[in-house]
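What follows is a set of notes on a single structure, which appears directly below.
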Amino acid sequence: MTEAAAGTSPSAALARALRPHQWVKNLLVFVPILLDHRLKEPEVVARGATAFAAFCLAASGAYVLNDILDLEAEAIRNLAIGYAADPPP
């Protein structure tokens, strides 16, 4: 069942596809800044924030691409499961 058929808005489906809960691990880019005691330097923090955003975008892009590439295989698997549960006459 698609998100539209399930009543989920496209923006909610997109947010779920981007997997923002996985972004937490990207906060590790701030560890060197923290350990070097440079959190009060705006340029360093801005570079860390840029790196964080880049990692989040790259990871989300990879997740979405993987989901797109898996659509056909998932449809075939679901079809096979459907036939196994209800064999044709």
Side-chain angles (χ1 to χ4, degrees):
M1 180 179 281
T2 64
E3 279 75 27
T8 304
S9 71
S11 58
L14 177 62
R16 197 170 37 259
L18 294 178
R19 294 175 178 85
H21 62 278
Q22 297 288 344
W23 296 352
V24 175
K25 59 186 152 200
N26 295 332
L27 290 170
L28 288 172
V29 301
F30 291 103
V31 171
I33 298 169
L34 179 68
L35 294 177
D36 201 25
H37 305 286
R38 298 181 73 181
L39 280 175
K40 293 183 181 179
E41 298 178 33
E43 182 180 329
V44 174
V45 174
R47 286 184 184 186
T50 301
F52 173 77
F55 275 99
C56 291
L57 289 173
S60 291
Y63 288 129
V64 171
L65 180 62
N66 185 52
D67 288 345
I68 291 169
L69 295 175
D70 283 347
L71 282 175
E72 185 177 346
E74 187 174 316
I76 291 170
R77 185 180 70 234
N78 288 340
L79 184 62
I81 291 171
Y83 279 134
D86 187 28

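- Hydrophobic cluster membership of Leu28, counting Ile, Leu, Val, Met, Phe, Trp and Tyr whose side-chain heavy atoms lie under 4.5 Å apart directly or via other members: Val31, Leu35.
- Heavy-atom minimum distance, Pro20 versus Ala15: CD-O, 3.0 Å.
- Nearest approach of Val45 to Leu39, heavy atoms of both residues: CG2-O, 3.3 Å.
- The environment of Phe55 atom CZ is sparse: at most 12 non-hydrogen atoms of other residues, nucleotides or ligands sit within 6.0 angstrom.
- Cluster partners of Leu57, using a side-chain heavy-atom cutoff of under 4.5 Å among ILVMFWY residues and allowing indirect links: none.
- Applying the salt bridge (Lys or Arg N to Asp or Glu O under 4.0 Å) test to residues at least two apart or on different chains, the pairs with a partner in residues 45-62 are Glu43-Arg47.
- Closest of all the heavy-atom pairs between Ser60 and Trp23 is OG-NE1, 3.0 Å.
- Residue pairs satisfying the salt bridge (Lys or Arg N to Asp or Glu O under 4.0 Å) criterion with at least one member in residues 59-70, sequence neighbours excluded, are listed as follows: Arg19-Asp67.
- Val24 and Leu34 fall within a single hydrophobic cluster, where Ile, Leu, Val, Met, Phe, Trp and Tyr are joined by side-chain heavy atoms under 4.5 Å apart, directly or via other members.
- Taking the side chain to side chain donor-acceptor pair (under 3.5 Å) definition, one finds that Glu72 meets it with nothing, sequence neighbours left out.
- Tyr63 has its side chain out of reach of Leu18: every pair of non-hydrogen atoms, C-beta onward, lies at least 4.5 Å apart.
- For Ala17, the side-chain contact (heavy atoms from CB on, under 4.5 Å) partners are Val64, not counting sequence neighbours.
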